[in-house]
Amino acid sequence: MSRDTVVTRFAPSPSGELHLGNARTALFNFLLARKRAGRFVLRIEDTDAGRTQETFVAALAADLDWLGLAWDEGPDRPGAHAPYRQSQRAALYQPLFERLEREQRAYPCFCSHLELDLSRRAQLAAGRAPRYAGTCRELGAAERAARLAQGRKPSLRFRVPHARQIEFVDLVHGRQRFVSDDIGDFIIRREDGSAAFFFSNAVDDALMQISHVLRGEDHLANTPRQQLLLEGLELAPPQYGHVSLLVGTDGTPLSKRHGATSVRELREAGYASAAVCNQLFRLGHSTPLNQLLSLPQMAAAFELEHLQRAPAHFELSQLRHWQSEWVHALAPEAARRWLEPLLPASLSERQVESFIAAVRPNIVLAEDARAWLQIIFGEALVFEEPALLAARQAGAAFFAAAAQALEERADLGALRRATGRKGAEFFMPLRAALTGRLHGPELAPLLAAMPAEQVRARLLRFAAP
RNA sequence: GCUCCCUUCGUCUAGAGGCCCAGGACAUAGCCCUCUCAAGGCUGUAACACGGGUUCGAAUCCCGUAGGGAGCGCCA
């Protein structure tokens, strides 16, 4: 593999459902890899055993699969940088921890949670930035040995150098400059021996030769730590790009109270993955293309330069638009597969086709077809008041003539000739009697879908004076 | 509190000093099509957060103000 191969990754922690924000991050990384003919890696960041749940690992994979974001390497797909679960990479981390400690770039810290918490509060109260006080920074060998002898388990802290400028070019925000003195020594290995996020995340990106990392903007201010750490390890950092956060309609970070915000919820609500991807593609990323795009088309159109710096509001009406575009673009067979699960098995080929043709322009979610199924194929018809009125006003003769014509041919043209009416005069009473309402899909295919006896019965109902 | 990021129509966004009295899309309003609804077509309403500079000229550059967000965790 050549050095300039683009390798991107999605590195979720399996402690919850795949959130829209994360799904978008995954999409962007996937698209970047595809656009540059590179690889897309799935890495599970499960170093926090307490919060990790196996069901989430499986659900994450299922959601990604559903979205169509196929990863080239991952826990279930062999690659050159296995394993792809951080919980299984301890052996890889070990020598790096040792090296950092040997070179004095990291030191054991014996401070208790309580001490740290107190110190943090005190600093905050004094109006200062809460940073590690450095209590264990200069502990001598003897002091360390003594504490170890007491049975205290240390964590490992990275020693942040003084007075260093950290510079890097962010893929979306441009040149960034930070001062190391603003950063406190941070923990890279927990007291239980597991690797902490700042460490495992950065180290794995380097070890796995990830070239580009598109991630949430919440990581921007922490990037200098990872730069420092990797520098100490003489590992090459990836290029980072920090994407704006996804927020709700009220501008606050997307959360439960904004309604459906997980991929699973959207899927269960009936949205197509293509609709979700198209919406996500345009949230924090712009494209001049206004039509529904396939994943390969999105990959071709994906541009780092078109990543937005400001937070993007997620709005359901826009998702609905893509969903509706998707519905209209469906090939006939696909439309059929889409609605089939809802349809009664007893329908004839012709009925299925007519029903789908009638109803498709009117619906956004498959669920929306249910009401029409009930009206067309259901036994009992519930009339809306205005429809009942319209049917009655048309008169018994009208329906008698229609029913009569029906015996010859169930065809709108034949009915029209028989009744001698046209336009609204003809259609509205018919629609009212047949569907119980004044509005709805085109009448011709609706009539074609409806069983003949059903049509007859409904006409006859108004044929008696 | 400190550090960092952000700010164009209701929303997603185009815009890298003159092409912008700001363009597209969604939503919204009206018209056309039409048996109705939907779809489709057309038209419209609607924005450069504010204040100072720089410049012949600023949405675009600089400085401030305001507002929003993030980070400062043995969460990721």
Side-chain angles (χ1 to χ4, degrees), chain A residues 11-16 22 45-48 50-51 109 111-113 116-117 120 123-132 153-157 170 172-173 176-179 181-184 186-192 194 196-198 200-201 215-225 242 244-245 247 249 251-253 279 282-291 305-306 308-322 324 327-328 358-364 387 390 412 421-432 435 437-444:
Chain A
S13 85
S15 56
N22 288 333
E45 305 221 326
D46 55 353
T47 56
D48 184 1
R51 299 195 353 168
C109 172
C111 295
S112 68
H113 287 87
L116 294 171
D117 195 43
R120 202 163 16 242
Q123 294 182 73
L124 242 17
R128 281 181 293 138
R131 283 201 267 283
Y132 179 59
K153 286 234 176 73
S155 59
L156 192 64
R157 264 183 206 277
D170 186 274
V172 348
H173 293 275
Q176 300 294 307
R177 245 183 282 262
F178 293 86
V179 182
D181 295 335
D182 288 333
I183 306 170
F186 55 94
I187 286 179
I188 55 178
R189 188 181 62 204
R190 303 188 188 100
E191 124 190 347
D192 67 1
S194 63
F197 169 79
F198 289 130
S200 54
N201 180 265
R215 41 151 51 158
E217 203 189 82
D218 46 338
H219 291 292
L220 181 55
N222 283 327
T223 303
R225 295 161 190 260
H242 291 90
S244 62
L245 260 24
V247 298
T249 40
T252 64
Q279 170 62 143
R282 292 162 172 93
L283 244 27
H285 177 266
S286 63
T287 172
L289 274 16
N290 284 334
Q291 37 340 107
E305 300 72 48
H306 286 148
Q308 177 74 6
R309 287 163 300 281
H313 294 66
F314 172 75
E315 215 156 270
L316 201 61
S317 69
Q318 281 168 338
L319 206 216
R320 281 184 68 84
H321 169 253
W322 293 114
S324 133
V327 172
H328 296 309
V359 117
R360 173 135 79 125
N362 282 53
I363 62 177
V364 175
L412 271 182
R421 298 198 193 177
K422 57 182 183 179
E425 286 282 280
F426 169 72
F427 280 99
M428 289 321 280
L430 207 54
R431 172 180 290 284
T435 69
R437 33 181 93 180
L438 258 20
H439 302 306
E442 249 189 286
L443 202 52

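Only this structure's heavy atoms are used, side chains among them; waters, hydrogens and symmetry mates stay out.
- In this entry B:U65 has B:A49 as its Watson-Crick or G-U wobble partner, both defining distances falling under 3.5 Å.
- Using C1' as the reference atom, B:G68 and B:A49 are 11 Å apart when rounded to the nearest Å.
- Across all strands shown, A:Phe197 has heavy atoms under 4.0 Å from base atoms, whether or not it also approaches the sugar-phosphate.
- Nearest approach of A:Asn362 to A:Pro441, heavy atoms of both residues: ND2-N, 4.0 Å.
- Taking A:Phe197 as the reference, A:His219 meet the ring pair (Phe, Tyr, Trp, His ring centres under 6.0 Å) condition, with sequence neighbours excluded.
- Taking the C1' atom of each, B:G15 and B:C72 are spaced 36 Å apart, rounded to whole Å.
- Shown here, B:C20 forms no base pair; nothing in the strands shown gives a Watson-Crick or G-U wobble contact with both key distances under 3.5 Å.
- When RNA chain B is scanned in the 5' to 3' direction for atoms under 4.0 Å from non-hydrogen atoms of chain A, the outermost contacting nucleotides are B:G1 to B:A76.
- A donor atom on one side chain and an acceptor atom on the other are not found under 3.5 Å apart for A:Thr435 and A:Arg431.
- Using a 4.0 Å heavy-atom cutoff across all strands shown, A:Gln279 reaches no nucleic acid atom at all.
- Within 6.0 Å of atom CD in A:Glu425, 12 or fewer heavy atoms from other residues, nucleotides or ligands are found, so the atom counts as exposed in its surroundings.
- For A:Phe198, the ring pair (Phe, Tyr, Trp, His ring centres under 6.0 Å) criterion is met by A:Phe186, not counting sequence neighbours.
- The nucleotide B:A39 finds no pairing partner, because no Watson-Crick or G-U wobble arrangement with both distances shorter than 3.5 Å includes it.
- Here A:Gly284 lies in heavy-atom contact (under 4.0 Å) with sugar-phosphate atoms only.
- Across all strands, A:Gln123 comes closer than 4.0 Å to no nucleic acid atom at all (heavy-atom distances).
- Within 4.0 Å (heavy atoms only), A:Arg225 reaches sugar-phosphate atoms of the nucleic acid but no base atom.
- Both distances falling under 3.5 Å, in either a Watson-Crick or a G-U wobble arrangement, place B:C72 opposite B:G1.
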